[in-house]
Amino acid sequence: MYPQQIHTYMQQFFKENQCPILSHHPHYLIVQLTIEMDKRIMNRPYYWQYVESTGEEPNPAQLTFITDKNQLVENVRGEVIHFGSPRLHQLFQVTNELGAFVQMYERTEVNPNVQPILTPWLGVNYKIAYYCDQTKERLYSLGINLMTGEIRDGFHESLLEKDLTATVSANSFQLPYIITPLRALERLDALIEQHIQQDDHTWAEEAKKRWEKDLAVLEFFYEGVDNRPESYEIEKEALARQYEAHIKIDIIGGGLFYLK
């Protein structure tokens, strides 16, 4: 990778991970890390343990990355980044860890008389898990048009019918999105939460009834015992954990898709 490629990559990396770029110059970047990114790349777990245990105000690191030392004319101190440097390798690794998202383009035919127009869509695959003493999982795939705000269900299935590629066709034109991917994701998250609220929650009520039934059995065994042993509290707490109804939402994949 050339210095300019590294510079562009790092700029995009921190932008996509919501780390503000405080100062942007052709050959270096000054970046303010988020708490999450500081935890990922700064290797200071004891500091974060201290902050979280004491309630101290967090102070994520601010870093200066020099992407082309040979072209630098200002007197800037920072971390020199080059292809093969440990920090760049670390960012590549973080990208892989967070890389459930892709950017793909619908393949278009080469025709000098026609310029196909590709519209940006954000597609997100959700897994909703309903937990109690029994577990039920559901998968949802939603897509939102970043030009119009139109939302489609079963978006992943619709993509299977298209010829997608990681590189854009030379003759196509990509419309710039009006709705930012972050804002679009917020809309999809809200839709998923609304769906959960409107869902049938009798499963939680039934779990509560089973919990009350098992709790009654436990109480029967200790009936008449004034000084109940520690095992009673342990079993009671275990029943509460076993039957506690809760819902977990996970994003298991998705990406930005430019479609005809």
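Just the heavy atoms: all of them, side chains too, but no hydrogens, waters or symmetry mates, feed the values below.
Atoms CD and CD, from Q198 and E193 in turn, are 12.0 Å apart once rounded to the nearest 0.5 Å. L29 CG to E79 CD: the interatomic distance, rounded to the nearest 0.5 Å, is 12.0 Å. Note that CH2 of W48 is 10.5 Å distant from CE of M42, once rounded to the nearest 0.5 Å. Atom CG of residue L191 and atom OH of residue Y140 lie 10.5 Å apart, to the nearest 0.5 angstrom. Here the CD-CD distance, from Q71 to E74, works out to 11.0 Å after rounding to the nearest 0.5 Å. The CD1 atom of I35 sits 11.0 Å away from atom SG of C19, with the distance rounded to the nearest 0.5 Å.
In terms of hydrophobic clustering, with Ile, Leu, Val, Met, Phe, Trp and Tyr side chains grouped at heavy-atom distances under 4.5 Å, L175 and I144 are assigned to different clusters. No chain of hydrophobic side-chain contacts below 4.5 Å, direct or via other Ile, Leu, Val, Met, Phe, Trp or Tyr residues, connects Y131 to L239. The same ILVMFWY cluster, assembled from side-chain heavy atoms under 4.5 Å apart, contains both I117 and I178. Note on F14 and I66: separate hydrophobic clusters, where clusters join Ile, Leu, Val, Met, Phe, Trp and Tyr whose side-chain heavy atoms are under 4.5 Å apart, directly or indirectly. Grouping the Ile, Leu, Val, Met, Phe, Trp and Tyr side chains by contacts below 4.5 angstrom, directly or via other members, places F173 apart from L256.
S169 and N171 form no side-chain donor-acceptor contact under 3.5 Å, judged by distance and modelled atom types alone. A donor and an acceptor atom, one from each side chain of Y126 and D189, are located under 3.5 Å apart. H7 and H25 form no side-chain donor-acceptor contact under 3.5 Å, judged by distance and modelled atom types alone. For the 3.5 Å distance criterion, the side chains of D199 and Y130 qualify, holding a donor opposite an acceptor. At a cut-off of 3.5 Å, with distance as the only test, no side-chain donor of D133 or W211 sits close to an acceptor on the other residue.
When all heavy atoms are compared, the tightest approach of Y222 to Y232 is CD1-CD1, 3.5 Å. The minimum heavy-atom distance linking T119 with W121 is given by the pair O-CD1, 3.4 Å. For the residue pair V114 and P116, the shortest heavy atom distance occurs at O-CD, 3.4 Å. Between A245 and C132, the closest heavy-atom pair is CA-CB, 4.3 Å. In terms of heavy-atom proximity, T67 sits nearest to P3 at O-CB, 3.5 Å. Scanning all heavy atoms of the two residues, the minimum distance from R44 to N59 falls at NH2-O, 3.1 Å.
Between R183 and E186 there is a salt bridge, with a side-chain nitrogen of the basic residue lying less than 4.0 Å from a carboxylate oxygen of the acidic one. Remark: R40 engages E36 in a salt bridge, criterion side-chain N to carboxylate O under 4.0 Å. A salt bridge between R228 and E219 is present, with a side-chain N of the basic residue lying under 4.0 Å from a carboxylate O of the acidic one.
At a threshold of 4.5 Å between non-hydrogen side-chain atoms, the residues E57 and V51 do not count as touching. Side-chain atoms of S172 and T108, non-hydrogen and from C-beta on, do get closer than 4.5 Å to each other. Residues T34 and N17 are not in side-chain contact: their nearest non-hydrogen atoms beyond the backbone lie 4.5 Å or more apart. With a 4.5 Å cut-off on side-chain heavy atoms, I30 and Q62 count as touching. For the pair L259 and L118, the minimum side-chain heavy-atom distance is 4.5 Å or more. Counting heavy atoms from C-beta outward, F65 and V80 have side chains that stay 4.5 Å or more apart. The shortest distance between side-chain heavy atoms of L122 and L185 falls below 4.5 Å. Looking at heavy atoms from C-beta onward, I41 lies in side-chain contact with R87 at the 4.5 angstrom threshold.
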Legend entry - Working for salt bridge (charged side-chain N to carboxylate O under 4.0 Å, His left out), residues K39 and E52: CA-CA 12 Å; K39 291 179 178 180; E52 291 166 0; 2.6 Å; yes
Legend entry - Full working for side-chain contact (heavy atoms from CB on, under 4.5 Å) between H27 and V76: CA-CA 10 Å; H27 310 301; V76 176; over 6 Å; no
Legend entry - Evaluation steps, side-chain contact (heavy atoms from CB on, under 4.5 Å), between R77 and Y28: CA-CA 10 Å; R77 291 187 178 183; Y28 71 93; over 6 Å; no
Inset, instruction - Go through the steps to decide whether L142 and I192 satisfy the test side-chain contact (heavy atoms from CB on, under 4.5 Å), and finish with yes or no. - result: CA-CA 9 Å; L142 300 178; I192 287 292; 3.9 Å; yes
Inset, instruction - Decide side-chain contact (heavy atoms from CB on, under 4.5 Å) for V31 and L33; before the verdict, give the C-alpha distance in whole Å, the side-chain angles of both, and the deciding distance to 0.1 Å. - result: CA-CA 6 Å; V31 179; L33 300 184; 4.2 Å; yes
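For the pair T8 (side chain) and Q4 (backbone), a donor-acceptor distance under 3.5 Å is present. Q103 places no side-chain N or O within donor-acceptor distance of the main-chain N or O of F257, the cut-off being under 3.5 Å. A donor-acceptor contact shorter than 3.5 Å links the side chain of Q32 to the backbone of A61. The backbone N or O of Y50 lies less than 3.5 Å from a partner atom in the side chain of T54, making a donor-acceptor pair. A donor-acceptor contact shorter than 3.5 Å links the side chain of H201 to the backbone of I196.
The number of heavy-atom neighbours closer than 6.0 Å to NZ of K208, taken from other residues, nucleotides and ligands shown, is 12 or below. Other residues, nucleotides and ligands contribute at most 12 non-hydrogen atoms within 6.0 Å of the NE2 atom of H89. Remark: E230 CD is loosely packed, at most 12 non-hydrogen atoms of other residues, nucleotides or ligands lying under 6.0 Å away. Heavy-atom contacts from other residues, nucleotides or ligands closer than 6.0 Å to CG of N43 number 12 or fewer.
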Report all side-chain donor-acceptor pairs from residues 145-161 shorter than 3.5 Å, counting only partners two or more places apart or in another chain.
| residue | atom | partner | partner atom | Å |
| --- | --- | --- | --- | --- |
| N145 | OD1 | M147 | N | 2.7 |
| N145 | OD1 | T148 | N | 3.2 |
| T148 | OG1 | E150 | N | 3.2 |
| E150 | OE2 | R152 | NE | 3.2 |
| S158 | OG | F155 | O | 2.6 |

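Using a 30° and 60° split on the angle between ring planes, Y258 and Y105 fall in the parallel class, below 30°.
Within the structure, side chain to side chain donor-acceptor pair (under 3.5 Å) contacts touching residues 240-249 (residues at least two apart or in different chains) are D214-Y243, E237-R241.
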